[in-house]
Number of protein chains: 2
Amino acid sequence: MKNATARPADLSAQIATAIRDAIVSGDLLADARLPSEAELADQFQVSRPTVREALKRLAAQSLIRTQRGASGGAFVNRITFEDAYSQQITTSTLLLSMNAVSFETACEARFALERACAPLSAARRGAAHLATMRREIRRQRGPSLTDEAFCASDVAFHRALVDGAANPVLSYQLAGAVEAMQPLMNMITYTARSREGIAALHGRIADAIEAGDGAAANAGLSDLERETQNLARDVLSARRGDA
Amino acid sequence: MKNATARPADLSAQIATAIRDAIVSGDLLADARLPSEAELADQFQVSRPTVREALKRLAAQSLIRTQRGASGGAFVNRITFEDAYSQQITTSTLLLSMNAVSFETACEARFALERACAPLSAARRGAAHLATMRREIRRQRGPSLTDEAFCASDVAFHRALVDGAANPVLSYQLAGAVEAMQPLMNMITYTARSREGIAALHGRIADAIEAGDGAAANAGLSDLERETQNLARDVLSARRGDA
DNA sequence: CATTTTTCATTTGTCAGACAATTAAAAGTC
DNA sequence: GACTTTTAATTGTCTGACAAATGAAAAATG
């Protein structure tokens with residue numbers, strides 16, 4: 001009966017939590033300097049290695065950064081969108097691969113999120129976003145493209161679509177969903193015909209974005225989702241047939 | 001001229017990266033046991049404290065868990081949706097608070113993501129989700145409700161809406177967006193009239209979900225977004241007036 | 001023999017003290 | 001005043017040790 005809340009965590013975990021709370025609650029502002037390791041060890045009544053373990057935990061979450069030398073120390077890190085991206089991608093990737101999320105579920109989520117962005121992108125995309133989308137479509141039609149390169153181009157296309165919405169929070173959220181799915185997408189072997197089908201749908205979506213027609217873009221995304229799900233189904237059933 | 005890639009990171013960071021790569025690439029499967037700290041120290045030619053700092057970094061990202069005692073050690077963690085939730089919420093919260101994302105941007109992202117879920121929720125929501133939504137609406141109409149409690153109820157309502165889509169990947173993605181916005185939402189002081197307006201819109205959305213009408217639900221969400229943006233604008237302009 | 005208790009080896013958690021490496025500021029020098 | 005040297009502060013790393021937890025083997029017990 002020792003479960004529930006009665007488990008005293010590691011000292012280093014406790015200390016990390018205490019400092020993290022201070023950061024999240026705003027008691028410690030960005031770029032503020034934490035006390036030195038020796039002072040922290042004093043304050044928390046633990047040894048320096050224990051304090052260091054706590055600080056490394058925080059560093060792993062990009063909550064602090066450290067600097068050596070006089071007037072060095074640990075500083076509250078102003079987390080960047082890039083930091084957040086990469087963390088989200090690692091987490092999402094592991095979540096998908098280790099929790100055996102079905103391709104269907106992941107795919108549905110991805111396209112639902114993209115449909116959330118498309119209308120905004122149709123209204124606000126810059127010329128550069130549209131140019132990227134067109135360029136990737138051309139690349140997708142090129143012959144002698146490996147399956148992986150095709151997937152990468154696919155990601156680039158969708159990324160441009162999402163970034164066109166000009167909302168960094170959306171871009172950040174989508175990065176995880178789209179990039180984490182790439183390993184799953186790589187399972188699919190693309191035939192020349194399915195590639196042309198996808199590129200054509202991309203073309204329809206790009207046209208809609210160019211015309212500022214969000215609804216049409218969403219219709220294209222829905223068709224693309226159906227197409228992707230069909231391809232995945234074929235691969236899976238073929239694999240079952242083999243085995 | 002020592003910048004660029006030429007900066008050798010901490011040993012503990014290098015080791016953490018090496019192990020993380022092994023996990024992400026699938027060389028280390030879930031629940032696999034890592035070598036003991038002493039063995040790792042040997043393999044990497046470093047001392048045990050350094051290895052421990054590396055392991056704590058990984059533990060902070062829920063990539064491993066440790067267990068004491070004989071046949072204990074560090075094990076590759078099968079990351080749960082719950083782990084991912086909480087990580088995403090911390091990251092998103094900090095991102096919003098420290099990068100000075102405007103209320104407008106965050107709000108737009110949040111409602112765009114919710115509109116992505118609503119049609120799915122309309123098609124698949126269970127009775128429990130609908131019941132939760134109705135219950136929260138009743139609560140929101142109750143008198144003597146603090147602003148914070150009103151916000152919490154708001155989150156619960158939207159959470160039920162999202163969970164109704166029955167797609168754990170979407171729920172996970174949305175958790176960050178919705179919960180991270182709560183501090184921003186708490187800035188708003190809700191008058192009796194604005195509360196009734198929000199509750200009424202919630203009612204419309206719940207009706208649409210009950211009727212299985214995704215488009216109507218999205219229309220309701222769009223109106224709610226407008227309403228929320230207006231409230232925030234009022235608060236901000238009032239604050240400017242005060243100062 | 002079966003079962004319970006005890007012992008024990010393994011492994012993580014924590015501590016203390018030391019030295020190296022880095023770096024900004026202070027002191028010295030021209 | 002501009003430049004160089006020294007110094008002190010701080011993180012990074014190592015060594016060695018002990019405590020605490022824990023599962024497994026060994027011993028005791030019926």
Side-chain angles (χ1 to χ4, degrees), chain A residues 1-20 22-23 28 31-77, chain B residues 1-20 22-23 28 31-77:
Chain A
M1 215 65 81
K2 65 161 172 200
N3 64 341
T5 53
R7 270 173 46 210
D10 294 348
L11 285 178
S12 70
Q14 289 177 42
I15 294 169
T17 302
I19 299 177
R20 173 163 41 240
I23 294 175
L28 285 170
D31 297 323
R33 182 180 177 282
L34 271 62
S36 73
E37 295 175 354
E39 286 171 312
L40 286 173
D42 247 28
Q43 283 182 29
F44 287 103
Q45 289 284 303
V46 296
S47 68
R48 195 158 82 91
T50 302
V51 166
R52 282 182 60 79
E53 288 179 9
L55 293 180
K56 294 313 168 201
R57 292 178 119 108
L58 299 176
Q61 297 175 286
S62 306
L63 284 169
I64 63 169
R65 74 193 114 86
T66 56
Q67 206 169 17
R68 288 221 265 204
S71 74
F75 299 83
V76 177
N77 199 30
Chain B
M1 215 66 80
K2 65 156 168 206
N3 64 340
T5 53
R7 269 172 46 210
D10 294 346
L11 286 178
S12 68
Q14 290 178 41
I15 294 169
T17 302
I19 298 177
R20 173 162 40 242
I23 294 175
L28 284 171
D31 297 324
R33 182 180 177 281
L34 271 62
S36 74
E37 295 176 353
E39 286 171 314
L40 287 172
D42 246 28
Q43 282 182 30
F44 288 103
Q45 289 283 303
V46 297
S47 68
R48 195 157 81 93
T50 302
V51 167
R52 283 182 60 79
E53 287 179 9
L55 293 180
K56 294 314 167 199
R57 292 178 117 110
L58 299 176
Q61 297 176 288
S62 306
L63 284 170
I64 62 169
R65 76 193 113 87
T66 56
Q67 206 170 15
R68 286 222 265 205
S71 74
F75 299 83
V76 177
N77 200 29

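Sequence lines set the chain letters: A, B, ... in the order given, protein chains first and strands last, and positions in each chain run from 1.
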Nucleotide-resolved protein contact map, nucleotides 12-19 of chain C, B/S/- at heavy-atom distance under 4.0 Å: BBBB--B-
Side-chain donor or acceptor of B/Asn77 paired with backbone N/O of B/Ser62 under 3.5 Å: yes
Summary of salt bridge (charged side-chain N to carboxylate O under 4.0 Å, His left out) pairs that have at least one residue in residues 43-52 of chain A, sequence neighbours excluded: A/Glu37-A/Arg48, A/Glu37-A/Arg52, A/Arg52-B/Glu53
Rounded interatomic separation in angstrom, taking CG from B/Asp42 and C1' from D/dT15: 14 Å
Side-chain donor/acceptor of B/Arg33 to backbone N/O of B/Ala74, under 3.5 Å: no
Listed partners of B/Asp42 passing salt bridge (Lys or Arg N to Asp or Glu O under 4.0 Å), at least two apart: none
Point-to-point distance, once rounded to the nearest 0.5 Å, from CD1 of A/Ile15 to CD of A/Gln45: 10.5 Å
Pairwise side chain to side chain donor-acceptor pair (under 3.5 Å) hits with a residue in residues 8-19 of chain B, at least two apart: B/Ser12-B/Arg57
Straight-line distance of B/Leu28 CG to B/Ile19 CD1, nearest 0.5 Å: 8.0 Å
Quick test: give all pairs of protein nitrogen or oxygen and nucleotides 7-9 of chain C nitrogen or oxygen below 3.5 Å, distance rounded to 0.1 Å.
none

With sequence neighbours excluded, residues passing side chain to side chain contact (heavy atoms under 4.5 Å, CB included) with B/Glu39: B/Pro35, B/Ser36
Euclidean distance, atom CD1 of residue A/Ile64 to atom P of D/dT10 [Å, nearest integer]: 15 Å
